[in-house]
Undergrad: 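Supplied in structure tokens, the structure appears directly below.
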Amino acid sequence: MVVAGTMPADFNAAVDPQRPCDGVERYRSPMAIPKVCGIETEYGIVVRGGDSNPVSASSLLINAYVAKYQRKVGWDFEDEHPGQDARGFGLTESFPPEIETHLVNTVLTNGARYYVDHAHPEISTPECVDALEIVRFDRAAEEIVRLSMEASKSILAAGAELVVYKNNSDGKGNSYGCHENYLVARETPFGRIVTQVTPHFVSRQIFCGAGKVGCELPGMGVKDVPFQLSQRADFFEEEVGLETTMKRPIINTRDEPHCDPQQYRRLHVIVGDANMSEVATYLKVGTTSIVLAMIEDDQLGTDLILANAVASIRHVSHDTSLTRLIPLRNGTRLTALDLQWRLLERAHKYERAFGLVCVGEAVGADVLRRWEAVLSGLEADPTTVAGQVDWVAKKRLVDGYRDRHGLEVDDARLKALDLQYHDMRTDKCLALRAGLERLIGIDDVTTAITEPPHTTRAYFRGKCLQKFPNEVVAANWDSMVFDVGRDPLRRVPMMEPLRGTAAHVGTVIEESRTATELLARLGS
Amino acid sequence: MAERTQKQKPAPAKTEEVVEEAPAASKQGDKLKAELDDLLDEIDGVLESNAEDFVKSYVQKGGQ
């Protein structure tokens, strides 16, 4: 059984040859598949004036939100995919999922997952088709956290408060992640992805680093590195590997596509910072999507491969002057800025030859414009991009505060300022006061708190949760389980991220008065 | 690199322009400094009152 409709973005079809292409060469058909993407953010959490167990604090935070705003639907850990057409929807029967009951794990009506992971509250955005959607749902996640903190007040003892931070380190050697996920074609050799995307991960810090006071490398401190570009760079010890919590690798090899494994891979990127700046999030995801598309079409080349990525990621992060030279495998040396200029130059060439349909044409073109603008600004005078780049915005505050009060670099007030930049409380958050440029209006953010994106399978997930909360017993990325009052439970697999969109199933969901009817129509 | 080369081209003409642009530039600089001063005033009011304790007590378990 398959839901009626055809593939939305025809990613295998040739791009319209009528489109202008600067007269250089004809548009070629890209191999690159749509860069469906998502972000998972682990937040820091503390309890003020109460017992500070991070696991129970995280659970309390999430439960407070779910109790107040929506019926709780558990996350489904079933990772078995019963036989069906792996490229679309199918209906099968299944046993009740086993759910880890000790940790909160829930699904929201916007298609996101909200859960406790490693003693942190974590929100995974729903699957999105482009970088602008990512920013919208990452902003919605921030608002969900704020609503959760507010809701938890009525549960906590008087005087106690949960405070959440959107950062990636406690300054004492403990780090937690903001992971990005990108859909890539299974047929693209993984080795090519590893070697060719790494130069981008090492150098993109110059515009998507969230900034950090001090250094957490063993034996080094704030006197050695008063300020660095990235929260995370100190924690990477390998180039490639499966770990995410120890000996972290720049390229994570987890192969858990959450969709058809024959066609797709999910590139799990653990090297980035959580950003307070919307533009930084936009550029982080937008530029990475374009670089990955270039790699899929084998248009990036091998001449930017680094000699030592682990050392270089730290060197780039520790150099706020942006002048440090990074050795490449071919013997030349470039600054991170030079690397980024070369990636941008190739991205322009790629856009002219192949178009940017796979990352969203309008968003792709805008990302290219902003990418150039941020590099120009960083090159001329970094303070000119204080409204877009987190580390620059934060450094401006830290330097200004230090100068005003005549502080030493290791003064605790400077580290406090760093932490408070990421404080999710609006009355305390310094990022909210730093004059950062906004990309998404508050109305669009508010909508994204409860409404799923229309252009991925997250639509089906979110809409079913909205309309049939009593019948959906569990959900995960690639399936949903319904209880329609008779055994066994019914599982709807969703193996194709670009099906289950509003265009595909909007009418069916709208017209179905009951979950039983919906399942019947999906199965007919 | 083409974009970059273009951007760097106007540089040599700068010596002449500087005289004319200086007041505007310093005005812009003054404005930025005033903004930062206001911001720092605000931060003085918002910053956690006992920074030492605040920083010490911010301890997280490692995550992913």
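A note on names: the letters A, B, ... follow the listed sequences, proteins ahead of strands, and every chain is numbered from 1. All values reported here derive from a predicted model rather than from experimental measurement.
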Undergrad: How long is the straight-line distance from CG of A:Leu417 back to CG of B:Leu47, given to the nearest 0.5 Å?
TA: 5.5 Å

Undergrad: Can you name the closest pair of heavy atoms from B:Ala51 and A:Arg413 and give their distance?
TA: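 Shortest heavy-atom separation between B:Ala51 and A:Arg413 comes out as CB-CG, 3.6 Å.
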
Undergrad: Do B:Gln60 and A:Val46 have side-chain heavy atoms sitting under 4.5 Å apart?
TA: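 B:Gln60 vs A:Val46: side chains touch.
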
Undergrad: Is A:Thr383 close to chain B through its backbone or its side chain, or both, or neither, when contacts mean heavy atoms under 4.5 Å?
TA: neither

Undergrad: Go through the structure and list residues passing ring-ring contact (aromatic ring centres under 6.0 Å, His included) with A:Tyr115, not counting sequence neighbours.
TA: none

Undergrad: Around atom NZ of A:Lys172, are there more than 12 heavy atoms of other residues, nucleotides or ligands at under 6.0 Å?
TA: yes

Undergrad: Counting only heavy atoms closer than 4.5 Å, note whether A:Leu430 contacts chain B via side chain, backbone, both or neither.
TA: side chain

Undergrad: State, with a plain yes or no, whether a side-chain heavy atom of A:Arg396 is found less than 4.5 Å away from one of B:Leu39.
TA: yes

Undergrad: Taking every non-hydrogen pair under 4.5 Å, which of B:Asn50, B:Asp53, B:Asp37, B:Leu32 racks up the most with chain A?
TA: B:Asp37

Undergrad: Are A:Arg48 and B:Glu48 within salt-bridge range, i.e. N to O under 4.0 Å?
TA: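 Yes, A:Arg48 and B:Glu48 are salt-bridged.
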
Undergrad: Under 4.5 Å, counting heavy-atom pairs only, tell me which of A:Leu414, A:Asp411, A:Thr244 racks up the most with chain B.
TA: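 Most heavy-atom pairs under 4.5 Å with chain B: A:Thr244.
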
Undergrad: What option among A:Arg248, A:Lys415, A:Glu122, A:Arg346 has the most heavy-atom pairs under 4.5 Å with chain B?
TA: A:Arg248

Undergrad: For atom CD of B:Glu52, is the number of surrounding heavy atoms from other residues, nucleotides or ligands below 6.0 Å larger than 12?
TA: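 At most 12 heavy atoms, drawn from other residues, nucleotides or ligands, come within 6.0 Å of this atom.
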
Undergrad: Counting only heavy atoms closer than 4.5 Å, note whether A:Glu243 contacts chain B via side chain, backbone, both or neither.
TA: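 Answer is neither: A:Glu243 stays 4.5 Å or more from chain B.
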
Undergrad: I'd like to know if the side chain of B:Tyr58 pairs up with that of A:Asn167 as donor and acceptor (distance under 3.5 Å, no hydrogens or angles considered).
TA: yes

Undergrad: Please enumerate all residues that pass ring-ring contact (aromatic ring centres under 6.0 Å, His included) together with A:His179, with sequence neighbours excluded.
TA: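 With sequence neighbours excluded, A:His179 shows a ring-ring contact (aromatic ring centres under 6.0 Å, His included) to A:His268, given in chain and number order.
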
Undergrad: As an exercise, state the distance from NZ of B:Lys61 to OG of A:Ser175, rounded to the nearest 0.5 Å.
TA: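 That separation rounds to 16.0 Å.
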
Undergrad: Relative to chain B, which segment of A:Asp427 carries a heavy atom at a distance below 4.5 Å: side chain, backbone, both, or neither?
TA: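 Backbone of A:Asp427 only, per the 4.5 Å heavy-atom cut-off to chain B.
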
Undergrad: Locate the shortest heavy-atom distance separating B:Leu40 from A:Tyr401; write the atom from each residue and the value.
TA: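 Distance-wise, the nearest heavy atoms are CD2-N, 3.7 Å.
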
Undergrad: With a 4.0 Å cut-off on N to O distance, would you call A:Arg404 and B:Asp41 a salt bridge?
TA: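 The answer is yes: the pair qualifies as a salt bridge.
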
Undergrad: Can you check whether A:Arg433 reaches B:Val46 side chain to side chain, under 4.5 Å on heavy atoms?
TA: yes

Undergrad: Identify which part of B:Lys56 has an atom lying under 4.5 Å from any heavy atom of chain A, answering side chain, backbone, both or neither.
TA: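 The backbone, not the side chain.
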
Undergrad: To check you understand the geometry: which heavy-atom pair defines the closest contact between A:Asn174 and B:Val59, and what is its length?
TA: ND2-CG1, 4.3 Å

